[in-house]
Amino acid sequence: MIPDPSPTAARTTGPDWWRDAVFYQVYIRSFADGNGDGVGDLAGIRARLPHLVDLGVDALWITPFYPSPMADHGYDVADPRDVEPAFGDLAEFDALLAEAHAAGIRVTVDLVPNHTSDRHAWFQAALAAHPGSPERARYVFREGRGPDGAEPPNNWPSVFGGPAWSRVPDGQWYLHLFAPEQPDLDFTNPEVLADLEATMRFWLDRGVDGFRIDVAHGMAKPEGLPDMLPMEDTGLLDDHGPGDHRFDDDGVHEVHRHVRTVLDQYPGTMAVGEVWVSDDDRLARYLRPDELQLAFNFKLLTAEWSADDLRDAVVHSLATVEGTPAPACWVLSNHDRPRHVTRYGGGELGTRRARAAALLQLALPGAAYLYNGDELGLPDVELPDEALQDPIWERSGHAERGRDACRIPVPWSGTEPSYGFSSRPDTWLPMPEGWGPLTAEAQAGDPGSVLSLYRAALALRRTSPVFAGESLTWLPAPDGCLAFRRPGGLVCLLNVSGDDVPLPEGEVLLASADVPSGVLPDDAAVWLRA
Ligand code: BGC
């Protein structure tokens, strides 16, 4: 635990610190490499803590660093209570935690409850055991359909392509909503829930401040595992709604209630769920007083760059949390989706829009998650076929390129790959030529850089009383614009109209573009004190 930051009128302090915190997602493989193997690690994070302090984030979410064969780059966990040697060891983790806390930064880690790695001791024991054994009862083993049980038990597809079932030599099938190397656990088995609790306590006792819960809408499966409505898979973790029986089964809430009872024994800790459920009411169920403190709201991440779409995203996200104890939780990018610079058109246009989107995201009431590299305005990088690593590429028969493009290592300094990310030039995903101007070092000294914009935005958010209050009032705005006011006096205007619009009355606190003559240009946002 760390002491509260110096309280200001605008900040939430004490055990509810997360309500308006800015979290920073460290995708560990791509953040910073401390041991020179071309893959990021815990030592790399320690070395780059000063960057995070200067940036002004409140907390980290570190993606899985547990022992893993890396079939899904760490989301296939072989032992949830240890550290993958390529990333460091427990002593390194403890040192990182202590240093982050000393710097005033909280640390949250990934919890991956839905599945394990196929190399987890439990799954190895299940393979060695016979059908109907207690070892198999921790996973979802079933007999197949059709003559000789040669057909999978139901029609569910895997999120990564192909069927969600694989057959073992004795003829049974096991369920894996993701890769075959990620067998799903059976949460109706009390041993499974008890083990999740043991993992939580293991990290909470070391002093972590909370968890990001992977596939938090998974875990529970409907009785009898009925066929789902056949549907086209539209991409990783898209929410297909009620006909998709793989996710959002009502039984999942019992798991979240259990998670919450454990967290409540460690005051000041929290959990955010990765809940790909787009219906406002269904999503709100995860935020009941005895469940998750936060759920990512992916509506901003999936919105088109238009005033209608962006406003809709905000309206629905706020409607979701209304009537729950939770604040909204805003995300523009993560390690599973194209980066927003690229989504918004790439190049100079994408960067201009991404700057404006940052001011929108950080002006909204609630918590915000930044993905490493957002603060540098990183775009996606299309890699050649032979460099692709994401299991989606192979599983989809090369129909889907997967998520590597948004996972390129972070450029820190210099003018050539690997830009200070690693001591070697070749990194686990190759870094492109031409990223010199995007490095943290190059941007730090430039007041017009994306990094300078983020630093200024986070400093204001941390210290200015205009950010007080959790509500938002929409203001009249020109066509193609969004404008809202926070109770503390912050006004945010976003212009997506295709034209200049006049600046409203008030003192300009920060703008994503130059606003010299009383106008806000297209694809720009401004913060004003009303
Ligand atoms: C993670 C993905 C991962 C999947 C399976 C997702 O929610 O964000 O990166 O592949 O879960 O664990």
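One-based numbering, in listed order, for ligands and for the atoms of each.
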Next on the checklist: Using heavy atoms and a 4.0 Å limit, tell me yes or no: is Arg407 in contact with ligand 1?
Outcome noted: yes

Next on the checklist: Students often mix this up, so state it plainly: with edges at 30° and 60°, are the rings of His51 and Tyr24 parallel, tilted or perpendicular?
Outcome noted: perpendicular

Next on the checklist: List ligand 1 atoms under 4.0 Å from Val215, heavy atoms only on the residue side.
Outcome noted: 7 (O), 11 (O)

Item to check | Phe160: numbered ligand 1 atoms lying under 4.0 Å from its heavy atoms | outcome: 10 (O)

Next on the checklist: Could you check whether Arg81 makes a cation-pi contact with Phe202, meaning its NZ or CZ is under 6.0 Å from the centre of the six-membered ring and within 45° of the ring axis?
Outcome noted: no

Item to check | Within-shell test, Arg403 vs ligand 1, heavy atom, strictly < 4.0 Å | outcome: yes

Item to check | Expected output: side-chain Asp33 to main-chain Gly38 donor-acceptor under 3.5 Å | outcome: yes

Checklist entry - Where's the contact between His73 and ligand 1, heavy-atom distance under 4.0 Å: side chain, backbone, both or neither? => result neither

Item to check | Parallel, tilted or perpendicular, as decided by the 30° and 60° cut-offs, for the rings of Trp276 and Phe298 | outcome: parallel

Checklist outcome for this item: Near Asp72 (heavy-atom distance under 4.0 Å), the atoms of ligand 1 are 3 (C), 4 (C), 5 (C), 10 (O), 12 (O)

Checklist entry - Any heavy atom of Arg212 sitting closer than 4.0 Å to ligand 1? => result yes

Item to check | Whether Trp276 lies under 4.0 Å from ligand 1, heavy atom | outcome: no

Checklist entry - Parallel under 30°, tilted from 30 to 60°, perpendicular over 60°: which one fits the rings of Trp305 and Tyr344? => result tilted

Checklist entry - With a distance cut-off below 6.0 Å to the six-membered ring centre and an angular limit of 45° from the axis, does Arg142 pair with Trp165 as a cation-pi contact? => result no

Checklist entry - Which atoms of ligand 1 are found less than 4.0 Å from any heavy atom of His115? => result 5 (C), 12 (O)

Next on the checklist: Within the 4.5 Å heavy-atom criterion, are Asp209 and Trp18 side-chain neighbours or not?
Outcome noted: no

